[in-house]
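Within every chain, numbering begins at 1; the chains are lettered A, B, ... in the order of the sequence lines, protein sequences first and strands thereafter.
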Number of protein chains: 2
Amino acid sequence: MAATVISYPGNERLARALADRLSLEVTLLETRHFPDDELYFRVEGDVKGKTVVVACTLDRPNEKIVGLQLLASLLRDLGAAKIMLVAPYLAYMRQDRAFHGGEGVSARYVARLLSAAFDGLATVDPHLHRIAALSDVYSIPTRLVHAAPAISDWIVRNVRSPLVIGPDGESAQWAEDIARRAACPAVVLEKERLGDRDVRVSLPNPDSLTGRTPVLVDDIISTARTMIAAIDHLRAMSAPTPICIGVHAIFAGDAYELLRTGGPARIVTCNTIEHETNGIDVRPQIRDTVAGLI
Amino acid sequence: MAATVISYPGNERLARALADRLSLEVTLLETRHFPDDELYFRVEGDVKGKTVVVACTLDRPNEKIVGLQLLASLLRDLGAAKIMLVAPYLAYMRQDRAFHGGEGVSARYVARLLSAAFDGLATVDPHLHRIAALSDVYSIPTRLVHAAPAISDWIVRNVRSPLVIGPDGESAQWAEDIARRAACPAVVLEKERLGDRDVRVSLPNPDSLTGRTPVLVDDIISTARTMIAAIDHLRAMSAPTPICIGVHAIFAGDAYELLRTGGPARIVTCNTIEHETNGIDVRPQIRDTVAGLI
């Protein structure tokens, strides 16, 4: 079936990378806000009978979610046969349980909205913790890209004698996978979260640091408080200056400045969310995964 | 059936007005943004088996639409029996046709989203032009509140010898209804829209102004360019300084400052969107309409 790629505003480089590697055309999308803030879309090409791949990473997700719902409706009206969402960062996955009475499971609600709008989803390392698999909440076919191989490659090429450090139990399996691929050891910090921006960590086995360059790895760098707490803890132990690696560079508010001030040797992220720290290219893997969806 | 009212953030006065007049409780809603901009909701009360009236006017609608979708899902999970949306201003109704190839009918798409989330909708004077009735696009029961009686009352109480002026053909029926109720004449300007912020108008029958105070009435004041063009046109004709009345006080960007600078005698709006120009209270009519929905 014929296929084409559309960039949701801000995702032009991702859309271009997908189109170039898959030998597809990019269909242009005219978008703007009306003065009253309502969104306007116009598809500048023929999508009738085609599979449309919509590129839109979902950091700062609220307006994007409603925009994607409107765009998907428009594409259906224009006769698109299938509409696939490529969202390298998938939002709302951390709200995966009602922690207190009266709370909801937003991960599930957003999954329902996107499943109603799209026929398939590809994403990179979604935050799967209490929800074990995307198929538990998404009713459409989903495909996962794993960033671990690209991160391991980067570590092998750039870090001498690394020790991969996962910041908390949620990252254990993931940090261990990266370390295994990079043929180096891994440890996991003990973490206590006291609030959105207040985190304490400690290294259970200080001897593991001997002769090693600490490489902190996390899936999402949002407030960066976990990374900063880990850097502070390592400094207090007189460990070598660590390298920080994140998959998803959210950097909420002043998080990036704060993390830089924290003094890591380097901050490196994957290009699932565009940011100046993007040093690890996962678009080839996304392209291969999307090729399997269309 | 037991019923309760919930205020979406920013709609506390509307929620309180509805609850007080209907002898209902307001169920508190804890809301915030996580640092990564995701929305958090927690319902601080028991909604199980109840009809829940959610008060949320829909100016600057994008985040609110996704927030309402999440909130409605949460209320369903908590066992709400019916969920009604009271949106005094209903967004996206002006995108009621595909004007050019590749465009969509966002009014229809938003209606589908809200119909999936809610069991009923009450609103005030939605912009019904090419869509004749809300039931053409909403699949849930809808109830309309008409602002014309309250506007006519205000005119009768505040303006000597008024001439109601509708700014364009879309407002003709509506301006004529207000004038008829106020027992005064009405005229409709001829309008040409050259862009989002560029509008030209002219009065077809200048004699109609003789001995009259011009009262410009429009359903939505967004950029205010239509009002300003009308004021300028009346000034060029040496007409008395007009009064401007709008139902929905959107006032996009610097529109309010610009309109004030345009020099009308007064600017008065209905309280469908909270604004310092709110001088016409339509909440009693909303309350009566909601009473018929629950």
message: If you count heavy atoms of other groups shown closer than 6.0 angstrom to CD of A:E25, is the number above 12?
response: no
message: Counting only non-hydrogen atoms closer than 4.5 Å, can you tell me which residues of residues 72-82 of chain A sit against chain B?
response: A:S73, A:L74, A:D77, A:L78
- prompt: In terms of heavy-atom contacts, does CZ of A:R112 have more than 12 from other residues, nucleotides or ligands at under 6.0 Å?
  reply: yes
message: So, taking the atom named CG in A:D59 and the one named CG in B:D37, what distance separates them when rounded to the nearest 0.5 Å?
response: 9.5 Å
Engaged part of A:Y89 at the chain B interface, taking heavy atoms whose separation is under 4.5 Å: side chain
- prompt: Does A:D36 reach the side chain of B:R94, with side-chain heavy atoms less than 4.5 Å apart?
  reply: yes
- prompt: Quick one: of A:Q69, A:K64, A:E63, A:R60, who has the most non-hydrogen atom pairs under 4.5 Å with chain B?
  reply: A:Q69
message: Can you tell me which portion of A:F41 sits under 4.5 Å from chain B's heavy atoms? Options are side chain, backbone, both or neither.
response: backbone
task: Would you mind checking which part of A:E38 comes under 4.5 Å of any heavy atom in chain B, side chain (CB onward), backbone (N, CA, C, O), both or neither?
output: both
query: Taking every heavy-atom pair that is under 4.5 Å apart, which of B:G45, B:G101, B:G67, B:A91 has the most such pairs with chain A?
result: B:G101
- prompt: By a 4.5 Å heavy-atom criterion (distance strictly below it), what part of A:V110 contacts chain B: side chain, backbone, both, or neither?
  reply: both
message: When you measure from the side chain of A:Q95 to the backbone of B:L39, do you find a donor-acceptor pair of N or O atoms at a distance under 3.5 Å?
response: yes
Nearest heavy-atom neighbours spanning B:A252 and A:P35: CB-O, 3.0 Å
- prompt: Where along residues 218-226 of chain A does a heavy atom come under 4.5 Å of chain B, listed by residue number?
  reply: A:S222, A:T223
message: Any heavy-atom pair between the side chains of A:N62 and B:N62 that's under 4.5 Å?
response: no
- prompt: Given a strict heavy-atom distance threshold of 4.5 Å, which part of A:L113 is in contact with chain B: side chain, backbone, both, or neither?
  reply: side chain
task: Under 4.5 Å, counting heavy-atom pairs only, tell me which of B:V66, B:L71, B:D46, B:I250 racks up the most with chain A.
output: B:V66
query: What part of B:L70 is in contact with chain A, defined as an atom under 4.5 angstrom from a non-hydrogen atom: side chain, backbone, both or neither?
result: both
